[in-house]
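These notes concern the structure reproduced below.
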Amino acid sequence: MTVPASGFTMENGGSSCLPLPPDVENRIVTDLGKESESNLQEGNLYYVVSNRWFRRWQLYVGQPTEEFSSKDHSSDSQHCNMVPSNVVETPGPIDNSDIVINGSDSENNDLELKRFLEERRDYVLVPSAVWEKLYDWYKGGPPLPRKLISQGVTQKNFYVEVYLLCLKLIDSRDGSECIIRLSKKATVFDLREKVFALKGIKQEKACIWDYFNQHKQSILDATSQTLEELNLQMDQHILLEVDGPTQTGMDATRNELALVALEPSRSSLSIAGGPVMSNGHSSSYGYQGSSLSSSVSDMDDRSDLSNTAKKREKGGLAGLQNLGNTCFMNSALQCLVHTPPLVEYFLQDYSEEINADNPLGMHGELAIAFGDLLRKLWSLGQTTIAPRAFKGKLARFAPQFSGYNQHDSQELLAFLLDGLHEDLNRVKRKPYFETKDYDGRPDAEVADECWRYHRARNDSLIVDVCQGQYKSTLVCPVCGKISITFDPFMYLSLPLPSTVTRSVTVTVFYGDGSGLPMPYTVTVQRHGCIKDLTLALTIACCLKNDENLLLAEVYDHRIYKYFDNPLESVTSIKDEEYLVAYRLPKSESGRPKLEIIHRSLERCSTDRLKGMERKLFGTPLVTYLGEEFRSGADINAAVSKILVPLKRTYSSTKAHSSKENGFVSEMNDEPANCSPRSVSQSIDIEEEETSFEKEPSFQLLLTDDRGLSCKPIDKDSAIKYGPLIKVFLDWTDREHELYDMSYIKDLPPVHQTRFMKKTRQEAISLFSCLEAFLTEEPLGPDDMWYCPRCKEHRQATKKLDLWKLPEIIVFHLKRFSYSRYLKNKLDTFVDFPIHNLDLSKYVKSNDGKSYLYNLYAISNHYGGLGGGHYTAYAKLIDEKRWYHFDDSHVSPVGEEEIKTSAAYLLFYQRVEN
């Protein structure tokens, strides 16, 4: 069906007085977008556009929309990202009102975006050339221009700076406050120029202070430095002083506890400085500080909370100030800075081990920044540290953690461990080793060889205490080739057993019209294949020996795809999709498939078109056309036959009674479920079929694969056909009266996560999580293995075994799952030992060692993915007592309280005999 032109009239001043057809708009925008992508340069201009408006435009021009829509879209629109077949009205003027804050408290009336918006959910970014076209066609706004900036040192990443740095300017003359917004790539010169112009004063008569936590940190006079390099934070204060600086509040800059400048000299004093015994071990974990003078970076980590809270009498009990959604960072850091080997190492002189020349590292800067922060946290008398300098380094070397969005503490931990290792790698020149094949050699020989090779290239504190080794066995499903490797690990990501399997709901239709459609919920391995799902359905629906199941995904009232590959992973099936299966006779499997797509006549909803229009509805029906198929009359007969169960005179009372809330229990053993005709004994089906074949009354139209063309089917005309024939069935008032449409309209999705009430799951043990991790499973379709014997990529089975365990072992509980539409979190309670975790039976090296571990830290995650919060529990090294670290708040906690369903990362230390 063609989409009519919009009829939209341009305002005066537009470059065109005639509207463009939707497909032309789509082509122009697509071409401009591709041109912009091929010419990425820092400084390129992009515009922020409300996804609510942009999605309306996409639907109008027939462009596929994003896979999830904005929060305020109705549920009806969640599954319409295919090209719509019905008429869609113009999107109207560009409307960004839903993503900006009404009014503005800034002096220059800059429009402010609402905080915590997500790209593709709340807004999209379009190049300036695309914005100009859209604005030319639709007007509206307001325009929200943003620049493309680069981030990172070792690897440059380009991204659009959607949120400008917001600084609160306090005028010392009258105490007034206003908002200044600048790019974090702007220089101090840009800031000074903007402030002085705003206040109408001369530069030589005024100065601006970094007024973080409302204490003077340093004068902003290094005009070439960027605001990012100075670690200025979102929403922090800056102070304007006229007629020269005063010394009020200067106590905040005299930080005697700062130990290491982040750009140090190469003397040992810049990194050491603590009391060190002749044997090289620190005399105490409570660090006393040094006489080195403070630097600007030292001052950054001092919080004003230290002036109001009681001084800590012990080291290691300082909190970390939240700098804006940095609880994930604070949680991971508290766990690391309470790791005994790391504390001992970084409180000593580690300057000789800094590897500034490692191309895989961060020039030693990450290790120095971490060591500096650890020393401050372990200094006596500290209460709260604001880790501005560390966050600045993190953003510089890991741009994915820049900005003020919430991130994952495990992802940060992985980056920090790897970054610290590379910065502290004692190997300056890595030797090359050619990997040898397994070739049936003893496991111990291969494992020792792999570990020697690994240590020859990687030798650091992190490898010493945090890295273990596991055995990985891959088996080709075709030729049986076995590949065994031994790989290092720094943490173990454990699935929760409830995530090892998944429930899948599929609605089964009868291709011969012998029964009503019925939904079945079956359980399959999460990483199983379509073959496993088909087998489970075969058992659940009591498939006959002479029948096959044809599995398909329904999307936007069409069949989106058939699952023809039995080895395709079920991970490709998302919870929000709609799966159907058609029971079809094996004897006709070589005949053409007839796909029946339903359309209904409805009143047009747009003001531009009056009258009625055809809209798709329901679920397509599929059947085989028999050998006698020749003409349109045969298609009419096939449609009549498959619709028999939907006829209102066909008793459906028993069919409804066999369903409970739209599902069929997997454990239902009643024989009625295995008889398609048990749903009704009151109607003779053969008689019904005969009566329908005598008087076919359907309006059928032949269409193409995309459903764009329509050709009425005459019952006497011959039909040219291939393997698949698609027809539209136009329902009239007569069909609506004769048939019950509910059976093809209201299908349950694969998994009703968003509709089902969340229930508390039973507790599981850490051991069951570990056993699930070590269970053999097939590789996913995106992670297939290249078989050297077959010379092809294969979906091999993979089995992991622990071989060598480190002194410090971290367990990551995989609570988060992601799909195209949903991000889900499991709040399952995992019962984990605090003392004497015995992993000996899981270690396959048979080295006779005891692998007992004690818990010393936990990273917790509370709430959902969007608005969650991270905290940490840690055990103080010098005493047998646990503490709760909630950003800047630190409090003692009983050991019996640390086991919760929020546990996300578990840190264990081996018990030495």
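Here the structure is a predicted model, which is why all the values come from computation and not from measurement.
- Lys711 NZ: 12 or fewer foreign heavy atoms inside a 6.0 Å radius.
- Side-chain contact check for Glu547 and Tyr510: no donor-acceptor pair (N or O, by modelled atom type) lies under 3.5 Å.
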Report task. Verify salt bridge (charged side-chain N to carboxylate O under 4.0 Å, His left out) between Glu792 and Arg794, making sure each step is shown before the conclusion. Result -> CA-CA 6 Å; Glu792 289 186 32; Arg794 300 294 189 191; 3.6 Å; yes
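- Asp532 contributes a side-chain N or O that, together with a main-chain N or O of Cys529, makes up a donor-acceptor pair within less than 3.5 Å.
- With hydrogens and angles disregarded, no donor-acceptor distance shorter than 3.5 Å links the side chain of His598 to the backbone of Pro620.
- Not one N or O on the side chain of Lys641 forms a donor-acceptor pair closer than 3.5 Å with the backbone of Ala638.
- Checked by atom type, the side-chain pair Ser503/Thr521 shows no donor-acceptor distance below 3.5 Å.
- Rounding to the nearest 0.5 angstrom, the gap separating the CG atom in Leu700 from the SG atom in Cys710 is 12.0 Å.
- Arg56 places no side-chain N or O within 3.5 Å of a backbone atom of Asn51 that could act as its donor or acceptor partner.
- Across every non-hydrogen atom of Pro517 and Leu646, the tightest pair is CD-CD2, 4.3 Å.
- In terms of heavy-atom proximity, Cys476 sits nearest to Trp785 at CB-CZ3, 3.7 Å.
- Annotation: ring-ring contact (aromatic ring centres under 6.0 Å, His included) contacts of His557 (sequence neighbours excluded): none.
- Looking at every heavy atom in both residues, Tyr624 comes nearest to Pro585 through CE1-O, 3.6 Å.
- In terms of heavy atoms, Ala540 sits closest to Val522 at CB-CG1, 3.8 Å.
- Listed here is the closest heavy atom pair of Leu643 and Tyr739: O-CE2, 3.4 Å.
- Contact check for Arg583 versus Lys544: side-chain heavy atoms found under the 4.5 Å cut-off.
- Judged by the 6.0 Å distance and 45° axis criteria, Lys593 is positioned over the aromatic ring of Tyr562.
- Put simply, the side chain of Glu119 never gets that close to the backbone of Val124: no donor and acceptor are under 3.5 Å apart.
- Salt-bridge check for Glu568 with Lys561: passed, with a basic side-chain N closer than 4.0 Å to an acidic carboxylate O.
- Shown here for Val524 and Leu533, the closest heavy-atom pair between the two residues is CG1-CA, 3.8 Å.
- Counting only distance, with no hydrogens or angles, the side chain of Ser36 and the backbone of Leu32 share no donor-acceptor pair below 3.5 Å.
- The number of heavy-atom neighbours closer than 6.0 Å to NZ of Lys481, taken from other residues, nucleotides and ligands shown, is above 12.
- The environment of Lys799 atom NZ is dense: over 12 non-hydrogen atoms of other residues, nucleotides or ligands sit within 6.0 angstrom.
- The ring of Phe54 has its center closer than 6.0 angstrom to the ring center of Trp57.
- The cationic group of Arg599 lies under 6.0 Å from the six-membered ring centre of Phe728 and within 45° of the ring axis, placing it in a cation-pi geometry.
- Side-chain atoms of Trp53 come within 3.5 Å of backbone N or O of Gly92 as a donor-acceptor pair.
- Side chain of Ser38 to backbone of Glu35: a donor-acceptor contact under 3.5 angstrom is found.
- Lys726 is not listed as a side-chain neighbour of Ile596, based on a closest heavy-atom distance of 4.5 Å or more.
- Under a 3.5 Å cut-off, the side chain of Glu737 and the backbone N or O of Arg734 do not form any donor-acceptor pair.
- Lys34 places no side-chain N or O within donor-acceptor distance of the main-chain N or O of Val29, the cut-off being under 3.5 Å.
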